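So you know, we letter chains A, B, ... as the sequences are listed, proteins then strands, and number each from 1. Because the structure is a prediction, the values reported are computed rather than measured.
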Number of protein chains: 2
Amino acid sequence: MSRPNLALIGATGAVGTVMRDIVSSRDDVWGEVRLVASPRSAGKVLRVRGEDVVVRALAPEVFDGIDIAIFDVPDEVSAEWVPIAAERGAIVIDKSGTFRMDPDVPLVVPEVNPHDARQRPRNIISTPNCTTLSMMAAMGALHAEYGLQELVVASYQAVSGAGVAGSARLYDEVEALAGDRSIGQAAGDVRKALANKLPDDSPFPAPVAFNVVPWAGSYKDGGWASEELKLRNESRKILGIPGLKVSATCVRVPVITTHSLAVHARFEREITVADAHRVLEAAPTVVLMDDPANGVFPTPADVVGTDPTYVGRVRQAVDFPNTLDLFVCGDNLRKGAALNAAEIAELVAAEF
Amino acid sequence: MSRPNLALIGATGAVGTVMRDIVSSRDDVWGEVRLVASPRSAGKVLRVRGEDVVVRALAPEVFDGIDIAIFDVPDEVSAEWVPIAAERGAIVIDKSGTFRMDPDVPLVVPEVNPHDARQRPRNIISTPNCTTLSMMAAMGALHAEYGLQELVVASYQAVSGAGVAGSARLYDEVEALAGDRSIGQAAGDVRKALANKLPDDSPFPAPVAFNVVPWAGSYKDGGWASEELKLRNESRKILGIPGLKVSATCVRVPVITTHSLAVHARFEREITVADAHRVLEAAPTVVLMDDPANGVFPTPADVVGTDPTYVGRVRQAVDFPNTLDLFVCGDNLRKGAALNAAEIAELVAAEF
């Protein structure tokens, strides 16, 4: 086995920062690790694997000698540059939405469908949206044994899902509002206080401090937000269930990092809480935190910055057959983004 | 028609404060308005209807001459004192959970089942839990025309649902954490920062700033939180659908006031987004805010302090027949508590 060369495209963003941390802390299977970003960030010196690395500007030549390239860039940048990288011989792992539903591009969660990573006619492997990923390890494990049929999901999505600007905005809003103990009690008071103190450049369509915002992504037909349809379509593809029934409502909450999901899941076969506990405890990347009588359940603040998918509040639905209700938390920058891409990269590296 | 005398029991709490505001601002149909609270608060002077009123301590005599008494006190206080008030001739409107499921006590939302308020063999009328109430006006209107069969609900519950101490805790936590732009990025960092700065007396089982907490109420069999079962049982009773299928997950979010719900609702008859818009626009106490392409949807910060139930994000479920997904916001201290009780009191007052 040789040590393939890895390029990280988008190395300076919110996910890129976590990606450098992950590559530095996991088993080092890499030859060179090359950092690539927009021309604006070129020349910056960043640390990876304990070494200083100079960031290179995105250009066709940066893929010379690269075996595997992980892209974490906006959709339109991926659309242009991923095919260039693949043409130059790199196996690309792309985090954007551009190729996820392409039938010639596998969409991979290593715990769920690792075999799909070997079928990559375009030399591209896609990694799911962070919201979908937050629940995939857990739902994949339950599906393997009980046969998933329906999912009704409501999300509690962290602001860093909208990148560095998302986190900055929540910190800014909290600082602007802290100390006013009347805020959040009259219609529009939060909006008005922020308009007086902060620039009108939020990445969110409404205040996110002292608020929740029922919108994530772009507008789609029928009133759907793109994030809600991704959750449906990507879950179907990853789990290999073309007829999976899914309805989702995506809501942004004032949490920096870690997405949470309230999941109502119906299975083909009868399933009890004890059954689900057994399956989830056996799943290597899932941590069960489910003893609510003693205050044990996952919350974003308690699990952020760690790798597993956390599951709690497992209940057998009273009125629905073969159905569980549960609450899942996963770090949207780690398993939800950088970690899943790194795990796919390691799967591919094992072929070298 | 004469002017009945009204007593407000629990006049100094979070809901009591809003109740005085509501009684002062709506059509004045009352003779005397008497304010009653625990002995600790007795003697305080509070304003209602523009007049100073001295708060009286709860005692059997405070119900002398009272026609209608609204109770907003803890369950155990209602259990003891509501029967005393009813025995002394007051018609009691009780906000606690104590009598809601008693078959001899109607559970009333004036827009949905006003007729039930007349059948009160124990002289007691109960008003629902604030989470149930947040969606009742909207779901009642849709049910009347399309026949509700199933509800899957995830809540985004405001901290003031846990009373004045809940709001104070969120303000305290935000003040303690504001300005630290690294907070919320490592497991347990929020918990640790708060432990250093605030007393260990939170009404919540986990940090609520920069976090969401999947728990509301007390522990019930099967891992359910009491709030989740209330939402099921109370919806069935109010809507008069004993077989309504309900699953709910209740989650506390860092919002001061106004509960939000992501609702997945299945009906007997086919229903489109246009059908739902027509019904909701015609419902007098519902406001439709549903134009997400132009950023129009309800959020707590935009509707707090107002009376209606707000509905947005109405979508026809892609994979489920006769099913809508929608997002509902309602002020948990107004319609969710004080306003609904005041509206019931006015229904009863009309009998005098």
Among [options], residue most engaged with chain A (heavy-atom pairs, under 4.5 Å):
options: B:A186, B:S160, B:S260, B:P205; answer: B:A186
options: B:V303, B:V253, B:V251; answer: B:V251
options: B:R232, B:Q316, B:K220; answer: B:R232
options: B:V263, B:I256, B:V304; answer: B:V304

Would you mind checking which part of [X] comes under 4.5 Å of any heavy atom in chain B, side chain (CB onward), backbone (N, CA, C, O), both or neither?
X: A:L151; answer: backbone
X: A:S182; answer: backbone
X: A:V190; answer: side chain
X: A:A317; answer: both
X: A:A176; answer: neither
X: A:V159; answer: neither

If we only count heavy atoms from C-beta on, is the [X] to [Y] side-chain gap below 4.5 Å?
X: B:F210; Y: A:V174; result: yes
X: A:V212; Y: B:T299; result: no
X: A:R236; Y: B:D319; result: yes
X: B:W224; Y: A:D325; result: yes
X: A:Q185; Y: B:L333; result: no
X: A:V213; Y: B:F297; result: yes

Answer with side chain, backbone, both or neither: which region of [X] has an atom nearer than 4.5 Å to a non-hydrogen atom of chain A?
X: B:V318; answer: both
X: B:S155; answer: backbone
X: B:V153; answer: neither
X: B:T249; answer: both
X: B:A225; answer: both

List the steps and the verdict of salt bridge (Lys or Arg N to Asp or Glu O under 4.0 Å) for B:R181 and A:D172. CA-CA 9 Å; B:R181 299 176 79 93; A:D172 287 344; 2.9 Å; yes
Without swapping roles, check the side chain of [X] against the backbone of [Y] for a donor-acceptor pair under 3.5 Å.
X: A:Y171; Y: B:I183; result: yes
X: B:R313; Y: A:P214; result: yes
X: B:D302; Y: A:G188; result: no
X: B:R315; Y: A:S247; result: no

Using a cut-off of under 4.5 Å for heavy-atom pairs, which of [options] has the most such pairs with chain B?
options: A:Y156, A:F327, A:Y219; value: A:Y156
options: A:A262, A:G305, A:P300, A:A154; value: A:P300
options: A:G312, A:A158, A:P292, A:G295; value: A:P292
options: A:A168, A:G222, A:P207, A:A293; value: A:A293
options: A:L229, A:V246, A:T306, A:T323; value: A:V246

Begin from the C-alpha positions of B:F320 and A:V152 and carry the test side-chain contact (heavy atoms from CB on, under 4.5 Å) through to its verdict. CA-CA 10 Å; B:F320 298 84; A:V152 181; 4.2 Å; yes
